[in-house]
Amino acid sequence: MATRQEAREAREAKLDELHEKLTGAVERLVSGPDWVRALAFAARFRSRSFNNATLIWLQHMEAFEAGRVPEPFPSYVAGYRQWQQLGRQVEKGQPGYMIFAPVTGRFASANPADAESWRRLGKGEKPRAGEVVRSKMVGVRPAYVWDASQTSGDPIPEPPAPRLLEGEAPAGLWDGLAAQVEAAGFAVLRVPHEGMIHGANGMTDYTANTVAVRQNMDPAAQVKTLAHELGHVLLHGPDAEEARQHRGIGEVEAESVALMIGAAHGMDTSGYTIPYVSTWAARVDGKEPVEVVKATGERVRKTALAILDQLDTAQIGDGTPPGLERDAAHREAPAHARPASEPTAPRRVASLPEPGARPIPVPAFQRRGL
């Protein structure tokens, strides 16, 4: 039996291997189309971190090339015990995909507002009278998941997927996005053409608190533009100093949020234009491009997920097998087979008439267009 020290060293070696795999995968995201494909994939596994979605993508492709799985893209992934809960069993000889799983600790404080007052509770330790207890992530450990194609057993129910004609917008998506823009304190304006917003498809004005989208596009393009501007509203206000300093990344983030929202609704993402990763990721002083890409990917995923969770629309799955309770996906299991865990009513929209003059410009950091 391995000693505690040997087990710790084995775990650290696996984490080092994971970091190397992830770094290699991110370094291969060089072009704009590479990033589009990565984000479209991440949208299908949006319940997992950007890092873990990337690791699943990489390892499944390796399994496909080795002939262990029949399709180049995974469908649903879950832990060993989770598949058993669904009446399925991992097939003999199928290695799992190693990902990062959070390690959490319990902390207690009698004065929660004071960040210095929190203390970590030991195993089985109870809080003192009057203390508040919260869980917090304190590290990561390696864990394993398997794709549905690596398992056999009871059929997996297939929920209906949204189907769209070319240029069609998903039902309810405009209203749902507009409601979130308005909830953030911005008015949504539909303008007749791009000449009213400096030739852009859409524009967010932080001074007037308006989001404008041109109407002379097909419904899918209008929805995509509104999602892009909602990304700006949530991520890039005038107080967002880093976004002001690195406007190129701000545009990448907003377009990437729109891409993930579109992909989650079955929209065609091939027309999304994002500059080469090597261009925008290298512009942040003092940070390695790989770290910039990973941070941007996770920031985009969290923002898109928050938007999607508030929408009452038909969406594709998030990579969790149908029938598996989300809480069950976060339960601990024995060390040999631990499942991985991770860390609207329609609104009225104004339509602007043709103006006699162009809008008064505002500084670039206050106004952003697509």
Side-chain angles (χ1 to χ4, degrees), residues 17-65 69 71-77 97-100 145 147 149 161 224 227-228 231 235 246 248-284 287-308 315-320 340 342-343 370:
E17 179 187 347
L18 267 177
H19 280 291
E20 287 179 14
K21 279 181 180 288
L22 179 61
T23 298
V26 171
E27 285 176 340
R28 290 197 286 275
L29 296 177
V30 176
S31 73
D34 290 338
W35 180 252
V36 168
R37 284 191 292 271
L39 263 290
F41 177 84
R44 301 187 67 91
F45 290 85
R46 57 190 179 276
S47 64
R48 306 210 176 253
S49 69
F50 178 76
N51 286 351
N52 279 343
T54 303
L55 286 168
I56 290 168
W57 187 13
L58 169 71
Q59 292 171 91
H60 188 86
M61 184 59 70
E62 291 173 349
F64 173 72
E65 291 171 351
V69 294
E71 299 293 337
F73 293 101
S75 55
Y76 302 110
V77 297
Y97 305 152
M98 189 163 53
I99 62 173
F100 296 105
V145 293
D147 181 57
S149 63
K224 177 245 192 179
H228 178 109
L235 290 170
H246 308 288
I249 293 183
E251 288 302 314
V252 166
E253 288 182 338
E255 185 73 345
S256 297
V257 167
L259 191 158
M260 288 196 75
I261 291 170
H265 287 86
M267 296 176 69
D268 179 13
T269 59
S270 60
Y272 285 69
T273 54
I274 295 179
Y276 271 46
V277 175
S278 52
T279 301
W280 55 262
R283 288 179 177 169
V284 182
K287 292 184 180 179
E288 292 296 321
V290 165
E291 296 307 314
V292 173
V293 170
K294 289 192 291 187
T296 299
E298 183 60 10
R299 185 168 157 89
V300 165
R301 183 196 73 91
K302 285 184 174 179
T303 304
L305 186 61
I307 293 170
L308 290 166
Q315 301 173 18
I316 63 172
D318 64 0
T320 302
E342 299 290 338
L370 171 58

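By convention here, the first residue in the shown sequence is residue 1. A quick note: this is a predicted structure, and the numbers were derived from the prediction, not measured. Because only heavy atoms are used, hydrogens play no part in the values below, and waters and symmetry mates are left out as well, while side chains stay in.
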Gap separating the [atom1] atom of [X] from the [atom2] atom of [Y], nearest 0.5 angstrom:
| X | Y | atom1 | atom2 | value |
| --- | --- | --- | --- | --- |
| Glu251 | Ile274 | CD | CD1 | 10.5 Å |
| Ile249 | Leu235 | CD1 | CG | 12.5 Å |
| Leu308 | Arg301 | CG | CZ | 11.0 Å |
| Met98 | Leu22 | CE | CG | 11.5 Å |
| Thr320 | Arg48 | OG1 | CZ | 6.0 Å |
| His19 | Leu55 | NE2 | CG | 9.5 Å |

Partner set under side chain to side chain contact (heavy atoms under 4.5 Å, CB included) for Ala281, not counting sequence neighbours: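 For Ala281, the residues satisfying side chain to side chain contact (heavy atoms under 4.5 Å, CB included) (neighbours in sequence not counted) are Val277, Pro289, Val292, Val293.
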Sequence-distant partners of Glu62, side chain to side chain contact (heavy atoms under 4.5 Å, CB included), two or more places apart: Lys21, Leu58, Gln59
Side-chain donor-acceptor contact under 3.5 Å, Ser49 with Asn51: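 No - no donor-acceptor pair under 3.5 Å links their side chains.
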Residue pair Pro74 / Ile56, side-chain heavy-atom distance below 4.5 Å: yes
[X]: which residues meet the side-chain hydrogen bond (donor to acceptor under 3.5 Å, both in side chains) condition with it, sequence neighbours left out?
| X | answer |
| --- | --- |
| Ser270 | Asp268 |
| Thr303 | none |
| Glu291 | Lys294 |

Any donor-acceptor N/O pair, Arg46 side chain to Phe41 backbone, under 3.5 Å: no
Ala263 backbone acceptor or donor facing Thr269 side chain under 3.5 Å: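 It does not hold such a pair.
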Residue pairs involving residues 36-45 (criterion side-chain hydrogen bond (donor to acceptor under 3.5 Å, both in side chains); sequence neighbours excluded):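 As it turns out, the side-chain hydrogen bond (donor to acceptor under 3.5 Å, both in side chains) pairs with a partner in residues 36-45, which skip direct neighbours, are Asp34-Arg37.
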Residue list, ring-ring contact (aromatic ring centres under 6.0 Å, His included) with Phe64, at least two apart or on another chain: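 Partners of Phe64 by the ring-ring contact (aromatic ring centres under 6.0 Å, His included) criterion come out as none, since no residue qualifies.
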Test log, rule side-chain contact (heavy atoms from CB on, under 4.5 Å), inputs Tyr97 and Asp147: CA-CA 8 Å; Tyr97 305 152; Asp147 181 57; 4.1 Å; yes
Selection residues 263-283 - residue pairs positive for ring-ring contact (aromatic ring centres under 6.0 Å, His included), sequence neighbours left out: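 For residues 263-283, and leaving out neighbouring residues, the ring-ring contact (aromatic ring centres under 6.0 Å, His included) pairs sorted by first residue read Trp35-Trp280.
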Verdict with reasoning, Ser149 to His60, per side-chain contact (heavy atoms from CB on, under 4.5 Å): CA-CA 10 Å; Ser149 63; His60 188 86; 4.1 Å; yes
